Amino acid sequence: MSWVSVKDAMGGKPQTSCTVKGWVRTRRDSKAGLSFIHVNDGSCFDNFQIVAPADLANYAEEIQKLTTGCAIEATGTLVESQGQGQSVEMQASDIKVVGWVDDPDTYPVSAKRHTFEYLREQAHLRVRTNTFGAVTRVRDCLAQAVHRFFHERGFYWIHTPIITASDCEGAGEMFRVSTLDIANLPRTPEGAVDFSQDFFGRDAYLTVSGQLNVEGFACALSKVYTFGPTFRAENSNTSRHLAEFWMIEPEIAFANLDDDIALAVDFLKYLFRAVLAERADDMKFFAERIEKTAIERLQHVIDSDFKVVSYTDAIDILTKAKKKFEFPVKWGTDLQSEHERYLTEEHFKAPVVVRDYPKDIKAFYMRANDDGKTVAAMDVLAPGIGEIIGGSQREERLDKLDQRLDEMGLHKDDYWWYRDLRRYGTVPHAGFGLGFERIVQFVTGMANIRDVIPFPRTPGNASF
RNA sequence: UCCCCGAUAGCUCAAUGGUAGAGCGAGCGGCUGUUAACCGCUAGGUUCCAGGUUCGAGCCCUGGUCGGGGAGCCA
């Protein structure tokens, strides 16, 4: 039998017949001889009102026993609603109960307010709530927009490896990947674990970044990006960190830091426009119930000219600021989040790009500037959230790259293929990285990053 | 990982070291073209786990687990 989504039913023509399927959110009985059933199937934020007349064959036996969470299939005629709150509803002629709720008293997602902390323990059911349904749709909208943005501009999506044999990526603690018997590890004569007997014939890890890999593809296909899972084994217990998260990393060839910044600005504006246009229903909910400024702050970023300021000038601004900072402002040290927030929220009152950071606080692959002190790195700071993007122009000159590897005590042999890219037709290139969940957080206003990913993985928690 | 706070009914929270309570949810009934409706009644407890102090521990002490806020690290 054909059926339609709740979204389509609500936009349907009165006096037409259809079937909808979904899960009961609430049921109210009226002694006027009918029940009101609100059904949601995830196709949109709103619930669909089904009017069940008492003369349905299963009215007393089943309809009046429906509780939150039951799955039903309802067939009837669309009519203009006699009540407030919806324009179209269904006058049902047949309602089948597809799945009952085993014990309504202990149904974990009953029709009442729940804390996000509690719902996190019910991650398989929390998506049936208004908030998590909305988060899921917005997350999908953003993911689709990410691919659309790059596709429209001729970028290729590169599936960089999840497993890496490179333990020198330097971006954080890594998860080891191994098939060795932990209870009975093979040993070398010296007593070390013998990874030559492991699956890959050496030690291996889960990736912390696809950047080094994707640089190779940029130096052949010109415009590329990664969008995939990323893993950090850091013992971080914050509302902004996950052990498993999704990261987006574009990389462009024949490009400098200015091109990189322009791309980042376009990218953010594109994503925010997409979500405002496509998920107005969910964004209205976030603005009403989660974060009052959810919509206006996206619009603000879309309408703003991003300010671009050098790190050195940013230090100057912070030094002259009347505000007292907990951490001292000093050239050569990284900006604290309080410093970043001052720049974007108080001084510029707009999104800010800070560029040209001291080389000693940045990674080896960032391109040395002519001043000998700074590198072509940039961070995009947004009001209300702080750092949202980090990127750089990459060092394409082999002698300069080797110099940095030496200075930082890294072994050239470990980077042989990365160095090859500088030996064979090297070109200026640049890119940036952005944590997908942080964008979802910024857009929705959700305070904890664990609530914007379906099944969060954090230290001490890999449930579900 | 560090600092601070917390864990009691399905959920959110009360309870001077002395009989464990309320609201919501659930069940039953009433009322109503209703909107997370409203009114009444009923049921519902290994007080996170393991020890300890005490005549007596939800409450005090020790250790642990998990959660929250902040910090660091970052995306």
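Labels below follow one simple rule: chain letters A, B, ... track the order of the sequence lines, proteins then strands, and each chain is numbered from 1. No experiment lies behind these values; they were computed from the predicted model shown.
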S.K.: Go ahead and name the base partner of B:A71; Watson-Crick or wobble counts if both distances stay under 3.5 Å, otherwise write none.
M.R.: B:U1

S.K.: Assess the residue pair A:Val309 and A:Ile317 against the criterion (side-chain contact (heavy atoms from CB on, under 4.5 Å)); give the C-alpha distance rounded to whole Å, side-chain angles, the decisive distance to 0.1 Å, and a yes or no.
M.R.: CA-CA 10 Å; A:Val309 61; A:Ile317 291 166; 4.3 Å; yes

S.K.: Considering only atom C1', compute the distance from B:A14 to B:G21 and round it to an integer number of Å.
M.R.: 7 Å

S.K.: Taking only Lys NZ, Arg NE, NH1 and NH2, and the carboxylate oxygens of Asp or Glu, determine whether A:Arg126 and A:Glu121 approach each other closer than 4.0 Å.
M.R.: no

S.K.: Could you tell me how far B:G63 sits from B:U53 if I compare only their C1' atoms? Round to whole Å.
M.R.: 15 Å

S.K.: The side chain of A:Gln91 is closest to which nucleotide in this list: B:G68, B:G33, B:G72?
M.R.: B:G33

S.K.: When you measure from the side chain of A:His114, which nucleotide among B:G68, B:C11, B:G33 comes out closest?
M.R.: B:C11

S.K.: In whole Å, what is the span from the CD1 atom of A:Ile388 to the C1' atom of B:C74?
M.R.: 14 Å

S.K.: So, under a plain 3.5 Å distance rule, would you say the side chain of A:Asn237 forms a donor-acceptor pair with the base of B:U1?
M.R.: yes

S.K.: B:C74 C1' sits how many Å from A:Gln441 CD, rounded?
M.R.: 13 Å

S.K.: If you measure from the C1' atom in B:C11 to the same atom in B:A36, how many Å do you get, rounded?
M.R.: 14 Å

S.K.: Using a cut-off of 4.0 Å on non-hydrogen atoms, how would the nucleic acid contact of A:Ile389 be classed: base, sugar-phosphate, or nothing?
M.R.: nothing

S.K.: Identify all pairs in which a protein N or O lies below 3.5 Å from an N or O of nucleotides 21-27 of chain B, and state each distance.
M.R.:
from  : atom 1 : to       : atom 2 : distance (Å)
B:G25 : O2'    : A:Ser110 : OG     : 3.3
B:G25 : N2     : A:Asp105 : OD1    : 2.3

S.K.: When all nucleic acid strands are considered with a 4.0 Å heavy-atom cut-off, which category describes A:Phe231: base, sugar-phosphate, or nothing?
M.R.: nothing

S.K.: State whether the distance check finds a donor on one side and an acceptor on the other, under 3.5 Å, for side chain A:Arg438 versus base B:C74.
M.R.: yes

S.K.: From the set B:G10, B:G72, B:G67, return the single nucleotide nearest to any side-chain atom of A:Asn461.
M.R.: B:G67

S.K.: With a 3.5 Å limit on both atom pairs, tell me what B:A50 is paired to, counting Watson-Crick and G-U wobble, or say none.
M.R.: B:U62

S.K.: With the criterion being N/O to N/O and under 3.5 Å, what pairs connect the protein with nucleotides 3-9 of chain B, and how long is each?
M.R.:
none

S.K.: Rounded to the Å, how far apart are A:Arg240 CZ and B:A75 P?
M.R.: 11 Å

S.K.: Under 4.0 Å between a side-chain N or O of A:Thr115 and OP1 or OP2 of B:U12?
M.R.: yes

S.K.: Taking atom C1' in both B:C4 and B:G45, what distance in whole Å separates the two?
M.R.: 30 Å

S.K.: On the nucleotide B:G68, are OP1 or OP2 found under 4.0 Å from the side-chain N or O atoms that A:Asn448 carries?
M.R.: yes

S.K.: Is A:Gly83 touching bases, backbone alone, or none of the nucleic acid, heavy atoms closer than 4.0 Å?
M.R.: base

S.K.: Rounded to the nearest angstrom, tell me the gap between atom CZ in A:Arg126 and atom P in B:C11.
M.R.: 17 Å

S.K.: Once hydrogens and angles are ignored, does a donor-acceptor distance under 3.5 Å link the base of B:U1 to the side chain of A:Glu234?
M.R.: no

S.K.: Does the pair A:Arg232/A:Glu244 count as a salt bridge with the N-to-O cut at 4.0 Å?
M.R.: no

S.K.: Would you indicate what A:Gln86 reaches in the nucleic acid, counting non-hydrogen atoms under 4.0 angstrom: base, sugar-phosphate, or nothing?
M.R.: base

S.K.: Salt-bridged, A:Asp29 to A:Arg27, with N to O below 4.0 Å?
M.R.: yes

S.K.: Should the ring pair A:Phe364 and A:Tyr418 be called parallel, tilted or perpendicular, given that the plane angle runs from 0 to 90° and is split at 30 and 60?
M.R.: perpendicular

S.K.: With rounding to the closest Å, how many angstrom separate the C1' atoms on B:G17 and B:C39?
M.R.: 41 Å

S.K.: When the distance from CZ of A:Arg232 to P of B:G72 is rounded to whole Å, what number comes out?
M.R.: 18 Å

S.K.: Less than 4.0 angstrom from a charged side-chain N to a carboxylate O is my criterion; do A:Glu407 and A:Arg404 meet it?
M.R.: yes

S.K.: Is it the case that A:Arg297 places NZ or CZ above or below the six-membered ring of A:Phe442, under 6.0 angstrom from the centre and within 45 degrees of the axis?
M.R.: yes

S.K.: Any side-chain N or O of A:Gln336 below 4.0 angstrom from OP1/OP2 of B:A71?
M.R.: no

S.K.: Nearest whole angstrom, please: distance from the C1' of B:C74 to the NZ of A:Lys362.
M.R.: 10 Å

S.K.: Look at the rings of A:Phe132 and A:Phe116 and say which category their plane angle falls in: under 30° parallel, 30 to 60° tilted, over 60° perpendicular.
M.R.: perpendicular

S.K.: Using a cut-off of strictly less than 4.0 Å, decide whether A:Arg28 has a side-chain nitrogen or oxygen near OP1 or OP2 of B:C38.
M.R.: no

S.K.: Once hydrogens and angles are ignored, does a donor-acceptor distance under 3.5 Å link the base of B:U35 to the side chain of A:Glu89?
M.R.: no

S.K.: Return the nearest nucleotide to the side chain of A:His38; candidates are B:U32, B:U35, B:G10.
M.R.: B:U35

S.K.: Give the rounded distance in Å between these two atoms: CZ of A:Phe116 and P of B:U12.
M.R.: 13 Å

S.K.: Judged by each residue's nearest nucleotide on RNA chain B, which is more toward the 5′ side, A:Phe36 or A:Ser337?
M.R.: A:Phe36

S.K.: Is it true that A:Asp360 and A:Lys373 make a salt bridge, defined as a side-chain N closer than 4.0 Å to a carboxylate O?
M.R.: no

S.K.: Figure out the NE2/C1' separation between A:His241 and B:A71, and round it to whole Å.
M.R.: 11 Å

S.K.: Relative to the ring of A:Phe149, is the ring of A:Tyr270 parallel (under 30°), tilted (30 to 60°) or perpendicular (over 60°)?
M.R.: perpendicular

S.K.: Quick one: look up who B:G27 pairs with, Watson-Crick or G-U, both distances under 3.5 Å, and put none if it's unpaired.
M.R.: B:C41

S.K.: Tell me whether the rings of A:Phe432 and A:Phe267 are parallel (<30°), tilted (30 to 60°) or perpendicular (>60°).
M.R.: tilted

S.K.: Which value, in whole Å, describes the distance between the C1' atoms of nucleotides B:G44 and B:C55?
M.R.: 32 Å

S.K.: If you check every side-chain atom of A:Arg289, which of B:A36, B:A75, B:C11 has the closest atom?
M.R.: B:A36

S.K.: What integer number of Å spans the C1' atoms of B:A15 and B:G23?
M.R.: 15 Å

S.K.: Is any NZ, NE, NH1 or NH2 atom of the basic residue among A:Asp451 and A:Arg120 found under 4.0 Å from an Asp or Glu carboxylate oxygen of the other?
M.R.: yes

S.K.: Any salt bridge linking A:Lys7 with A:Asp281? Criterion: basic side-chain nitrogen under 4.0 Å from a carboxylate oxygen.
M.R.: no

S.K.: Nearest to the A:Phe245 side chain among B:U12, B:C73, B:A75, which nucleotide is it?
M.R.: B:A75

S.K.: Would you measure the distance from the C1' atom in B:U47 across to the matching atom in B:A57 and give it in whole Å?
M.R.: 11 Å

S.K.: Among the nucleotides B:U32, B:C73, B:U1, which one has an atom lying closest to any side-chain atom of A:Asn235?
M.R.: B:U1

